[in-house]
Protein chains: 2
Amino acid sequence: MSFEKKPPRANKQDLYRLFARIAAAMANPHRLELLDLLAQGPRTVEALAREANLSIANASQHLQRLKRARLVIDERQGLYIHYRIADPLVTQLWLHIRTVAERRLDQVAVTLDAYRTQRHAFKRIALDDLHARLREGKVVLLDVRPRAEYAAGHLPSAISIPLEELERRLKELPRRRTIVAYCRGPYCVLADEAAETLTRKGLRVARLEEGVHEWQQAGYALAD
Amino acid sequence: MSFEKKPPRANKQDLYRLFARIAAAMANPHRLELLDLLAQGPRTVEALAREANLSIANASQHLQRLKRARLVIDERQGLYIHYRIADPLVTQLWLHIRTVAERRLDQVAVTLDAYRTQRHAFKRIALDDLHARLREGKVVLLDVRPRAEYAAGHLPSAISIPLEELERRLKELPRRRTIVAYCRGPYCVLADEAAETLTRKGLRVARLEEGVHEWQQAGYALAD
DNA sequence: AAAGTATTCAATGAGTTTATTGAATACTAA
DNA sequence: TTAGTATTCAATAAACTCATTGAATACTTT
């Protein structure tokens, strides 16, 4: 057994190895989808597996890799284990990877158009614009994500009607003012589908591309 | 052959696959070291291989993976091919990964101390502090990186004396004012070695932990 | 205590990534 | 044209990653 001192070069390699561990934990489509879901709020393994279309064992395996890289934290609550993002910095890192992909890989825009086929079908509203109109009381902000995600954090003054409840809760929405629908962000179709429904029912509607994290990154605060 | 429309779920998977491509390109210690070097300025394959301690063929292979992920750009200049970072966002992403690793993996601090053994041996100066003292003319800012990196971008008012030239160019430095040495950033030993030399020669010295990118991220501009 | 549910573990084979080697290519200089 | 240099390509074996399966573990409810 050798007790020689480790040469500096070896330590430098070790540092890069540690950095690469973070990247490696994120270098898989399923794990990114899991992180993307977790960014909207904590979930059980079962919920994550269902939403990401994975077998439970496979989801568990991927979650444990994320956990080993300390990107997520798990916590047992009775029968279920809940996973959540370990640090807001991790969510930001995921968004950063997405932004680099958007900017460097042309294929992203093409695939996004194929996924969000109605992307250009509705009026859009920009962040600053929304901010101003909300203050004037000219628009109603509608969060169409599942209830738990709204509870985990939402835009100020947004009301929550999950997409699946939208048809039967139309009465809660004003017919005079424009309804601005948002969901998880630019890679989510929930708000497109809501906009489709609302348009069909004769309401005035616009889609906000941004979700809670994009809103925060733009420097605005979430609801208390 | 089928001409059926691709289901939305498939497109969603394709999106995550594209995002994962960016992460996968960075999920290797050698490629991160190459990116780290390139962040300080463009280089030839040969220089990169030498500095990252890789065989030429291996360095080339890794550089091509980075290129396929569109994180770097290559350009032939005569006999040599020069690689550079494709977009400042890529450098930021690398720094972001590093920051997450720092914050989430305890091992990083341990390994950094083993690599930069003199880390705590010299006076340190904080960014804002430096900014103020530079304006008062109380300190001299010294960039000890190789000449080409200084040329690719440096802090305002910094003078360039590459580490290997430091001993024989001591006369160029004032003995009354404090010399603030900096290099590639907190994971680089060049400035530690410079501080060691300067201290030994009886000059007053402090080390700045930040490099050009950390400086920029703090909201300051580089030299014109 | 027994039965039931959620999650993880362990083992497997298919696919991917890596370092190494030597040959091929693209350019420059003589 | 030839010789020389920088870089990439192609082929290989070893190491890793992934999805799948069925068993094991950790809780809750009865």
Side-chain angles (χ1 to χ4, degrees), chain A residues 9-10 13-14 16-35 37-38 42-84 148, chain B residues 9-10 13-14 16-35 37-38 42-84 148:
Chain A
R9 173 82 215 164
Q13 299 282 26
D14 287 346
Y16 286 113
R17 201 171 295 131
L18 288 168
F19 301 146
R21 242 154 75 173
I22 300 296
M26 302 182 86
N28 173 282
H30 297 306
R31 286 199 292 275
L32 286 181
E33 183 163 15
L34 292 171
L35 282 177
L37 289 165
L38 289 173
R43 280 165 168 77
T44 64
V45 177
E46 190 234 328
L48 286 162
R50 182 168 25 79
E51 294 188 70
N53 208 34
L54 295 170
S55 74
I56 299 264
N58 199 2
S60 171
Q61 199 172 257
H62 283 302
L63 286 165
Q64 279 177 74
R65 272 206 76 183
L66 291 171
K67 180 173 141 189
R68 262 181 278 131
R70 312 248 0 239
L71 300 182
V72 302
I73 290 172
D74 66 337
E75 190 182 4
R76 181 147 222 150
Q77 286 173 26
L79 214 48
Y80 294 86
I81 293 173
H82 292 249
Y83 277 86
R84 63 190 157 85
Chain B
R9 174 82 214 163
Q13 298 281 28
D14 287 346
Y16 287 112
R17 201 169 296 131
L18 289 169
F19 301 147
R21 245 157 71 176
I22 300 295
M26 302 182 86
N28 173 283
H30 297 306
R31 287 199 293 274
L32 287 182
E33 183 163 14
L34 292 171
L35 282 177
L37 289 165
L38 289 172
R43 278 164 170 77
T44 63
V45 177
E46 190 234 326
L48 286 163
R50 183 169 22 83
E51 295 188 70
N53 208 35
L54 295 170
S55 73
I56 299 265
N58 199 4
S60 171
Q61 199 172 256
H62 283 302
L63 286 166
Q64 280 178 74
R65 272 208 77 182
L66 291 172
K67 180 174 143 189
R68 263 183 275 132
R70 310 243 7 235
L71 300 183
V72 302
I73 290 171
D74 65 337
E75 192 183 0
R76 180 146 221 151
Q77 287 173 27
L79 214 48
Y80 293 86
I81 292 174
H82 291 248
Y83 277 86
R84 62 191 159 85

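Order of the sequence lines fixes the chain letters, A, B, ..., with proteins taken first and strands second; residue numbering starts at 1 for each chain. As a basis for the values below, the full set of heavy atoms in this structure was taken, side chains included, without hydrogen atoms, waters or symmetry mates.
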field: Whole-Å gap separating P (D/dC18) and CG (A/L34)
entry: 12 Å
message: In whole Å, I'd like the distance from the CG atom of A/L63 to the C1' atom of D/dT17.
response: 16 Å
query: Which heavy atom of B/A27 sits nearest a heavy atom of A/A27, and at what distance?
result: CB-CB, 4.0 Å
Mind listing the side-chain donor-acceptor pairs of residues 71-78 of chain A below 3.5 Å, one per line with the distance, residues two or more places apart or on another chain?
residue : atom : partner : partner atom : Å
A/D74   : OD2  : A/K67   : NZ           : 3.0
A/R76   : NE   : A/G78   : O            : 3.1

Set out, line by line, the N/O atom pairs under 3.5 Å between protein and nucleotides 2-7 of chain D.
residue : atom : partner : partner atom : Å
D/dA6   : OP1  : B/Y80   : OH           : 3.4
D/dT7   : OP1  : B/V45   : N            : 3.4
D/dT7   : OP1  : B/I81   : N            : 3.1
D/dT7   : OP1  : B/I81   : O            : 3.3
D/dT7   : OP2  : B/E46   : N            : 3.0

query: So, for A/A20 and B/P29, which heavy atoms are closest and what is the spacing to 0.1 Å?
result: CB-N, 3.6 Å
query: Could you give the CZ-to-P distance, from A/R17 to C/dT17, as a whole number of Å?
result: 19 Å
Pairs under 3.5 angstrom only: tabulate donor-acceptor contacts from the side chains of residues 57-64 of chain B to other protein residues two or more places apart or in another chain.
residue : atom : partner : partner atom : Å
B/N58   : OD1  : B/H62   : NE2          : 3.3
B/S60   : OG   : B/Q64   : NE2          : 3.0
B/H62   : ND1  : B/R31   : NH1          : 3.1
B/Q64   : NE2  : B/S60   : O            : 3.4

message: Less than 4.0 angstrom between a side-chain N/O of A/R31 and OP1 or OP2 of D/dC18, yes or no?
response: yes
- prompt: What is the distance from CZ of A/R68 to P of D/dC18, rounded to the nearest Å?
  reply: 10 Å
query: Roughly how far, to the nearest 0.5 Å, is the CG atom of A/N53 from the CG atom of A/L48?
result: 13.0 Å
query: How close or far is atom C1' of C/dT18 from atom CG of B/L32, stated in whole angstroms?
result: 15 Å
Restricting to nitrogen or oxygen on both sides, can you table the protein-nucleotides 19-21 of chain D pairs closer than 3.5 Å?
residue : atom : partner : partner atom : Å
D/dA19  : OP1  : A/H30   : NE2          : 3.0
D/dA19  : OP2  : A/N58   : OD1          : 3.0
D/dA19  : OP2  : A/N58   : ND2          : 3.4
D/dA19  : OP2  : A/H62   : NE2          : 2.6
D/dA19  : N7   : A/Q61   : NE2          : 3.3

field: Atom pair distance, as rounded to whole Å: CG in B/L48 and C1' in D/dT8
entry: 15 Å
- prompt: Taking atom P of D/dC18 as reference, at what distance in whole Å does atom CG of A/L66 sit?
  reply: 10 Å
- request: In sequence, state the C-alpha distance, the side-chain angles, and the governing distance for A/E33 and B/Q13, and then conclude on side chain to side chain contact (heavy atoms under 4.5 Å, CB included).
  value: CA-CA 9 Å; A/E33 183 163 15; B/Q13 298 281 28; 3.9 Å; yes
message: The criterion is side-chain contact (heavy atoms from CB on, under 4.5 Å); which residues satisfy it with A/E46, sequence neighbours excluded?
response: A/T44, A/R50, A/I56, A/Y80
task: State, to 0.1 Å, how close A/R43 and A/L38 come at their nearest heavy-atom pair, and which atoms those are.
output: N-CD2, 4.0 Å
- request: Kindly write out the residues that satisfy salt bridge (Lys or Arg N to Asp or Glu O under 4.0 Å) with A/R68, not counting sequence neighbours, or none if the list is empty.
  value: none
